[in-house]
There are 2 protein chains.
Amino acid sequence: MPDAANPAPMNTPSRRRFRREGEERRRQDLIEATLDSVAEHGLQGATLRTIALRAGVTAGLIRHYFPGKEELLQEAYAALMGRMTEQAKAALVMEDASPRQRLAAFVTANLNVPIIDARVFSLWATFIGRAGADPSLARAHREGYLGFRNEVEAVVAEVLAAERREPDASQLRHHAIAINAIIDGLWIEGCLAGDMFSPGELAAIGIKTVEAELGLAPEREDNQ
Amino acid sequence: MPDAANPAPMNTPSRRRFRREGEERRRQDLIEATLDSVAEHGLQGATLRTIALRAGVTAGLIRHYFPGKEELLQEAYAALMGRMTEQAKAALVMEDASPRQRLAAFVTANLNVPIIDARVFSLWATFIGRAGADPSLARAHREGYLGFRNEVEAVVAEVLAAERREPDASQLRHHAIAINAIIDGLWIEGCLAGDMFSPGELAAIGIKTVEAELGLAPEREDNQ
DNA sequence: GGGCTATTTATACACTTGCACAACAAGCTC
DNA sequence: GAGCTTGTTGTGCAAGTGTATAAATAGCCC
């Protein structure tokens, strides 16, 4: 019996070499690997082994950082949502710009890369599809949605104020709902079939539609 | 050992009783059970055993009607898409109605039950989330989307013609893209958080936004 | 009613999954 | 460098997966 429990007496063929990373780093790597796996193979294809392989570790390690797969997925979704809303709102912080310009910039930012992105859309759809059955997902979405809509509503209020118009709360709410829908709808179209639109086309349509919704006079074509 | 391989010598405890259904009936039942399972537990929870249980048969039978799980899922998705586009287009066949009324009816139909429906949305999101990785899904979506958009474009052309306006092809296309986005965006909001809107509110917003996009004069409030 | 056929059940199998746990070594402290 | 902590690996396991296939029986034709 030359090869029993010890396969070769020369040297224990050595386990895999590894480095100890900081906790925060590992957790983020694992979350990113999870998002990649879900985007590529869906929730069913995102197994612990697939995720670990992508993160460059072995499956057992995941249990060292997360109580279970469920929690890993939840944290990954939270990270995704956080990034999305953060990017969207970032377009609103413009100094020295008229409300109307800020609104236009907001629409433009939401209808171009990196927000128009097939991977992000795939993730969003995959997770949101479970919202009907998973209350925590539904709540997370609702919070993100309302936050987004409130941002829209605030800008709309500024724009209309600059136009000397005084909408009541109900009108403001309707404007925000409609504009949010316009952006969402165009975002989906862009993510799913970006090649059907020329660069900047979606943003142009978005701005025009939003301004029509608000009853703003069309901009002159010849300004600068 | 009183209970060995034969648990009771009295009578072979009998297999499950069953009825032979027609092929078409069985296939449809299985597809419906598949959609139910996907809507409730996601793609990962839609196992052959779950589906079979819901359809009132045993798992093995599925292989008698479908080559494999993959094909069952594809047929289920096709059935879903077919039903969705069919319902959406059905709202357009109105005799004795002005183009503008038909457009309004179209928007209204798409923003109320049964098209506003959490289960259908869950299914749509779950499947469309895989479009990035599955070309056949992506193609199916694109065809459905373009079909829908072309319907919109046709009605828009009628509406504008009735208003003595003569948009060129590019303007028509932009209108269709925008209106499609408005409907999609409001549809999502209604499916995900229908309780945040009063009955008919989404449809009212949709009509107003669409008419603003087309530059139609607001309707008088006092007509009948 | 007696047989025939093919729908349906039931069981088996190879494989994957999430999770548990023991062994190991990377890198800090002294 | 010795020793210790703990991040990391590897293996094992029970449950569940899709598929294959044999056995049974429902319902039709005569």
Side-chain angles (χ1 to χ4, degrees), chain A residues 3-8 11-31 33-34 37-38 40-76 130 134, chain B residues 4-8 11-34 37-38 40-76 130 134:
Chain A
D3 50 322
N6 297 11
N11 58 353
T12 34
S14 80
R15 322 175 117 204
R16 168 179 184 160
R17 304 257 296 293
F18 63 90
R19 287 201 334 160
R20 304 171 95 132
E21 297 282 355
E23 162 160 357
E24 209 45 48
R25 171 68 186 279
R26 271 278 190 260
R27 290 178 66 91
Q28 269 194 299
D29 281 354
L30 285 173
I31 285 177
T34 302
S37 297
V38 173
E40 194 159 334
H41 305 106
L43 277 176
Q44 47 181 352
T47 71
L48 291 183
R49 286 165 178 82
T50 301
I51 294 169
L53 182 67
R54 204 182 274 267
V57 297
T58 54
L61 186 59
I62 293 180
R63 283 267 310 177
H64 196 258
Y65 289 103
F66 300 91
K69 190 190 180 185
E70 185 76 20
E71 288 78 4
L72 172 57
L73 283 174
Q74 280 182 13
E75 288 210 30
R130 305 287 319 117
D134 186 335
Chain B
N6 297 11
N11 59 352
T12 35
S14 83
R15 322 168 67 133
R16 168 180 184 157
R17 305 255 296 293
F18 63 91
R19 286 201 335 160
R20 304 173 97 138
E21 298 283 355
E23 160 159 358
E24 208 45 47
R25 171 67 185 278
R26 271 279 188 259
R27 290 178 66 90
Q28 269 194 300
D29 281 354
L30 285 172
I31 285 177
E32 205 57 41
T34 302
S37 298
V38 173
E40 195 159 333
H41 306 106
L43 277 175
Q44 47 180 353
T47 71
L48 291 183
R49 285 164 179 83
T50 300
I51 294 169
L53 182 67
R54 204 182 275 267
V57 297
T58 53
L61 186 59
I62 292 179
R63 284 264 312 175
H64 195 259
Y65 289 103
F66 300 91
K69 190 190 180 185
E70 185 78 19
E71 289 78 6
L72 172 58
L73 283 174
Q74 280 181 12
E75 289 210 29
R130 308 284 323 116
D134 186 335

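Chain letters run A, B, ... following the sequence lines, proteins first, then strands; residues in each count from 1. Quick note: numbers below take in every heavy atom, side chains included, and nothing from hydrogens, waters or symmetry partners.
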What side-chain donor-acceptor pairs closer than 3.5 Å can you find for residues 41-49 of chain B, not counting sequence neighbours?
| residue | atom | partner | partner atom | Å |
| --- | --- | --- | --- | --- |
| B:Thr47 | OG1 | B:Thr50 | N | 3.1 |
| B:Thr47 | OG1 | B:Thr50 | OG1 | 2.9 |

In Å and rounded to the nearest 0.5 Å, what is the CZ to CD1 distance from A:Arg27 to A:Ile62? 12.0 Å
Heavy-atom closest contact (A:Ala76 atom, A:Thr34 atom, distance): CB-CG2, 4.0 Å
Provide a list of protein-nucleic acid N or O atom pairs under 3.5 angstrom, restricted to nucleotides 2-6 of chain C.
| residue | atom | partner | partner atom | Å |
| --- | --- | --- | --- | --- |
| C:dA6 | N3 | B:Arg20 | NH2 | 2.7 |

Expressed in angstrom and rounded to an integer, what is the separation of A:Leu73 atom CG from C:dG18 atom P? 9 Å
Is the phosphate of D:dA24 approached by B:Arg17 (side-chain N or O, under 4.0 Å from OP1 or OP2)? no
A:Val57 and A:Arg16: which non-hydrogen atoms are nearest, and at how many Å? N-NH2, 4.0 Å
Mind checking side chain to side chain contact (heavy atoms under 4.5 Å, CB included) for B:Phe18 and listing every partner two or more places apart, or none if nothing turns up? B:Arg20
Any pair counted as salt bridge (Lys or Arg N to Asp or Glu O under 4.0 Å), so long as it reaches residues 59-71 of chain B, sequence neighbours left out: none
Gap between atoms CZ and C1', on A:Arg25 and D:dT8 respectively (whole Å): 16 Å
Rounded to the nearest angstrom, tell me the gap between atom NE2 in A:His41 and atom P in C:dT16. 14 Å
Quick one: closest heavy-atom pair of A:Tyr65 and A:Glu21, and the distance? OH-O, 4.3 Å
Can you tell me how far CZ of B:Arg25 sits from CG of B:Leu30, rounded to the nearest 0.5 angstrom? 11.0 Å
One character per nucleotide, please: for nucleotides 12-23 of chain D, 5' to 3', B when the base has a protein heavy atom closer than 4.0 Å, S when only the sugar-phosphate does, - otherwise. B----BBBS--B
At 4.0 Å (heavy atoms only), tell me whether B:Phe66 reaches a base, stays on the sugar-phosphate, or touches nothing. nothing
Between D:dT8 and A:Tyr65, is there an OP1 or OP2 to side-chain N/O distance shorter than 4.0 Å? yes
Figure out the CD1/P separation between A:Ile51 and C:dT17, and round it to whole Å. 11 Å
Quick check on DNA chain C: between B:Glu23 and A:Phe18, whose nearest nucleotide comes earlier from the 5' end? B:Glu23
Rounded to the nearest Å, what distance is computed from the CG atom of residue A:Leu61 to the P atom of nucleotide C:dC21? 17 Å
Sorted by chain and number, sequence neighbours left out, side chain to side chain donor-acceptor pair (under 3.5 Å) with A:Glu40 holds for A:Arg54
Can you tell me the distance, in whole Å, between the CG atom of B:Asp29 and the P atom of C:dT7? 15 Å
Take the protein atom CZ of A:Arg27 and the nucleotide atom P of D:dT8, then report the distance between them rounded to whole Å. 13 Å
